[in-house]
Amino acid sequence: MESLNGFKRTSYCGGVRMDDVGKQLSVCGWVQRQRDLGQLIFIDLRDRTGILQLAFDDSTDREIFKKAFSIRAEYVLAVRGTLRERSAKNKDIPTGDVELEVTELRILAEAETPPFEITDQTDVNDTLRLKYRFLDLRRPEMQRAIALRHKVVKTARDYFDENGFFEIETPMLTKSTPEGARDYLVPSRVHPGKFYALPQSPQQYKQLLMLSGFDRYFQIARCFRDEDLRADRQPEFTQIDLEMSFVDTDDVIQINEGFLKTVFKQVLDVEIETPILRMTYAEAMRRYGSDKPDLRFGLELCDISDIVRGCGFKVFAEPVSKGGSVRAINVPGGAQQFPRKQIDALVEFVKTYGAKGLAWMKLGEDGMSSSFAKFMTDDENDAIKGLTGAQKGDLILIVADGNDKTVFSALGALRCECARRLGLLKKDDFKFLWVTEFPMFEYSEEEGRFVAMHHPFTAPMDEDVSMLETDKENCRAKAYDIVLNGTELGGGSIRISTPEMQRTMFRALGFTEEDAEVRFGHLIGAFKYGAPPHGGLAYGLDRLVMLLVGAGSIRDVIAFPKVQNASELMTACPDAVDKKQLDELGIALTNKTEE
RNA sequence: GGCCCAGUAGUUCAGUUGGUUAGAACGCCAGCCUGUCACGCUGGAGGUCGACGGUUCGAGCCCGUUCUGGGUCGCCA
């Protein structure tokens, strides 16, 4: 093994071109591949910028040639040489016109054969990739994702700085608060039996910063939520978090449209049309069955409750009479695209969302077939066709339930599933949407009370203030989400900024005065000393980067992600700790502990 | 906590109705090769079929349990 010993790199591999021919260059990197042709050896050297071919032939020093012969994939090399034009060029790579005639070769590190090949595209299973994440990250695909992530963060810092925002850090060790996601807890050694919580978001701190007069704040904020994982959810993740004083909804939206425009221009060279379309929560639910609708395709929901209200098909009539609804989507061309077997799969699909079933009507070329038409009159069937706008060749899918929430959630998911099966989801098509006027509360079956849908510091809409304690179901908040292609990219709200309103809110949420004081006293107390009207927004950075690179999971844009059971395969954490450590913290393990 | 999918060589996979010695490609090792670039050619090594238990004369294949990973519902202010 050799050392650098004064060796200085002059160039990255991927950047050299014909202009550099004749120059002495020094490069460093990993061996992608060694091709031994007998009296001629080629080595592809890889660094984060790309690949440069090293050439060894009869003009090469014999010792160097022998060394080149012994080199294997993933060895780390430092190489000096003269750049020359290739006699046989490779049109497929940027450096394909040139190669380095090697005059000095140092093997800085040998490498065992890796458990999987370091290639751009991979179909190696996730377990192996994550166990050897440091090797997986060598792949150009991952290098691009991580580099792009850096660029997004850099763009955010520049943009918010240029717009008068200060980047301010808030604590990682914070106070656990009720409401919302489960906290990660950190035991205190100095205060045995007491715990910090890792922040779910810097929410309260950033509000207090507004009160302190910083006026505009942002932070690239690490956040933690101890909940189950999904393709777009990790227990620790990063937000681009911001807050502004003396603003209302429109001001927050405007500054963020500028941000999104800048990011997409800088990172992808894509122009975003502004202003971005806005839609109320109520409209989003009614038309798309979702508060984060994917607008890359239609397949809108259609309420057919009035048609089937008195029909002879109990599956339809009963839910309507119980205050629910019957809604449909029309899938153009679906009659042929979805044979019976696929429809059966869709039936199973909606059941996972709590729907009891899925009714369908197929308007095929050779006549109509349906799971329900025989229970209804011709007029009723025709009315359904008319209202959904179905034509010959289409497929109507219908969900009925006594609870509207179930209908929306099943059909909202179904329209996305149909779009996926029809190939309507193009990754380079970016459809943004602001969803506004979210409900202030939602009913929690588990707790048997109304809880804050966004969070308890969200301001109600001015015209709904009187409904806070009288009509929780219909009370709307100054809360908004930014949605991109069916993914919630970020969310925010205008906050409550007076102690009176904050007290009213806690009362509406069922907190006693004492509860509110213990949990949120610092915030209510602070509001007494002059809080400016303020509001903000937080983006899921990981999700944003995921959509920018077209990845299917945020794991693909996080350097060291966790797997579904929240462990990390490379370091094998979480892990047991010494009894001594536990004793210091005053913690005793119960029989629930895993071995 | 529930449901669905996957697990066979280093990797990605095939493996018929349960039947002799479990195959392929890539990778790896060795030899040959002066213009390759997914180099080529020849040869070779490499397997606890995730684990445990059961059924059977006989299990990669059937049954049960379990582990690991993925997706998802619940959950995620």
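So you know, we letter chains A, B, ... as the sequences are listed, proteins then strands, and number each from 1.
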Query - Nucleotide B:A38, atom P - distance to CG of A:D44 in whole Å - result: 8 Å
Report task. Let me have a per-nucleotide readout for nucleotides 28-34 of chain B, 5' to 3', with B, S or -, counting only protein heavy atoms under 4.0 Å. Result -> SSS--BB
Report task. Using a heavy-atom cut-off of under 4.0 Å over every strand shown, decide if A:V563 touches base, sugar-phosphate, or nothing. Result -> sugar-phosphate
Requested in this report: May I ask you to say what A:R555 touches in the nucleic acid, namely base, sugar-phosphate or nothing, with a heavy-atom cut-off under 4.0 Å?
Outcome: sugar-phosphate
Report summary line: To the nearest angstrom, the CG-C1' distance between A:D120 and B:C26 comes to 17 Å
Query raised in the report: Is A:E488 touching bases, backbone alone, or none of the nucleic acid, heavy atoms closer than 4.0 Å?
Result: nothing
Query raised in the report: Which base, if any, makes a Watson-Crick or G-U wobble pair with B:A22, both distances under 3.5 Å?
Result: none
Cut-off 3.5 Å, no hydrogens considered: what does the side-chain donor-acceptor table look like for residues 415-425 of chain A, sequence neighbours left out?
from   : atom 1 : to     : atom 2 : distance (Å)
A:R415 : NE     : A:G298 : O      : 3.1
A:R415 : NE     : A:L299 : O      : 3.3
A:R415 : NH1    : A:D294 : O      : 3.4
A:R415 : NH2    : A:D294 : O      : 3.0
A:R415 : NH2    : A:F297 : O      : 3.0
A:R415 : NH2    : A:G298 : O      : 2.8
A:E417 : OE1    : A:R420 : NE     : 3.4
A:E417 : OE2    : A:R420 : NH2    : 2.9
A:E417 : OE2    : A:R421 : NE     : 2.9
A:E417 : OE2    : A:R421 : NH2    : 3.3
A:R421 : NH1    : A:Q342 : OE1    : 2.8

Requested in this report: Kindly indicate whether the side chain of A:R182 and the base of B:C75 share any N or O donor-acceptor pair separated by less than 3.5 Å?
Outcome: no
Query raised in the report: Can you tell which of A:Q200, A:Q203, A:Q204 makes a side-chain hydrogen bond (donor to acceptor under 3.5 Å, both in side chains) with A:H455?
Result: A:Q203
Requested in this report: Just call it for A:L569: base, sugar-phosphate, or nothing, with non-hydrogen atoms closer than 4.0 Å on any strand.
Outcome: sugar-phosphate
With a 3.5 Å cut-off and sequence neighbours excluded, list the donor-acceptor pairs that the side chains of residues 343-353 of chain A form with protein atoms.
from   : atom 1 : to     : atom 2 : distance (Å)
A:T352 : OG1    : A:F349 : O      : 2.6

Report task. Check the distance between B:G70's P and A:K131's NZ and give it to me in whole angstrom. Result -> 15 Å
Query - Heavy-atom donor-acceptor pair, A:E227 side-chain to B:G74 base, under 3.5 Å - result: no
Query raised in the report: With both distances under 3.5 angstrom, what nucleotide forms a Watson-Crick or G-U wobble pair with B:G7?
Result: B:C67
Query raised in the report: Do A:F520 and A:F457 have ring centroids that are under 6.0 Å from one another?
Result: yes
**Report entry** B:G54 to B:G47 separation - P atoms, rounded to the nearest Å
**Finding:** 27 Å
Requested in this report: Scan nucleotides 1-13 of chain B nucleotide by nucleotide, 5' to 3', and note B when protein non-hydrogen atoms come under 4.0 Å of the base, S if they reach only the sugar-phosphate, - if neither.
Outcome: B--------SSS-
Query raised in the report: Taking for each residue the nucleotide of RNA chain B bearing the nearest heavy atom, is the 5' side occupied by A:R543 or by A:Y353?
Result: A:Y353
Query raised in the report: How close or far is atom P of B:C75 from atom CZ of A:R233, stated in whole angstroms?
Result: 10 Å
Report summary line: Among the nucleotides B:G69, B:G35, B:G71, whichever has the atom closest to the side chain of A:S567 is B:G69
Query raised in the report: Which residues pass the side chain to side chain contact (heavy atoms under 4.5 Å, CB included) test with A:N474, sequence neighbours left out?
Result: A:M467, A:D471
Query raised in the report: Where the side chain of A:T436 meets the backbone of A:Y480, is there a donor-acceptor pair that is under 3.5 Å apart?
Result: no
Report task. Would you indicate, yes or no, if B:U36 has its OP1 or OP2 atom less than 4.0 angstrom from a side-chain nitrogen or oxygen of A:R35? Result -> no
**Report entry** Base-pairing mate for B:U16 - Watson-Crick or G-U, with both contacts under 3.5 Å
**Finding:** none
Requested in this report: Classify the nucleic acid contact of A:R519 as base, sugar-phosphate or nothing, counting any heavy atom under 4.0 Å across all strands shown.
Outcome: nothing
**Report entry** Distance, rounded to the nearest Å, where A:F42 contributes CZ and B:U36 contributes C1'
**Finding:** 5 Å
Query - Donor-acceptor contact below 3.5 Å, side chain A:R543 vs main chain A:D232 - result: yes
**Report entry** Under-3.5 Å donor-acceptor pair between A:R33 side chain and B:U36 base
**Finding:** no
Query raised in the report: How is A:S87 classified with respect to the nucleic acid when contacts are heavy atoms under 4.0 Å: base, sugar-phosphate, or nothing?
Result: base
Query - Complementary nucleotide of B:C29, counting Watson-Crick and G-U pairs under 3.5 Å - result: B:G43
Query raised in the report: Starting at CD of A:Q564 and ending at C1' of B:C67, how long is that distance when rounded to a whole Å?
Result: 14 Å
Report summary line: Here the distance between atom C1' of B:G74 and atom NZ of A:K351, to the nearest Å, is 19 Å
Query - Euclidean distance, atom CZ of residue A:R421 to atom C1' of B:G71 [Å, nearest integer] - result: 14 Å
Query raised in the report: With rounding to whole Å, what would you report as the distance between B:C62 and B:G19 at their P atoms?
Result: 11 Å
Requested in this report: For atom NZ of A:K472, decide whether the heavy atoms of other residues, nucleotides or ligands shown that lie under 6.0 angstrom number more than 12.
Outcome: yes
Query raised in the report: Taking the six-membered ring for Trp, is the centroid-to-centroid distance between A:Y443 and A:F450 below 6.0 Å?
Result: yes
**Report entry** Qualifying residues under side chain to side chain contact (heavy atoms under 4.5 Å, CB included), relative to A:L185, sequence neighbours excluded
**Finding:** A:S176, A:D183, A:F195, A:A197
Query raised in the report: With a 4.0 Å cut-off on heavy atoms, is A:K89 in touch with a base, just the backbone sugar-phosphate, or nothing at all?
Result: base
Report task. Pick base, sugar-phosphate or nothing for A:S201, based on heavy-atom distances below 4.0 Å to the nucleic acid. Result -> base
Query raised in the report: Counting heavy atoms not belonging to A:Y196, are there more than 12 under 6.0 Å from its OH?
Result: no
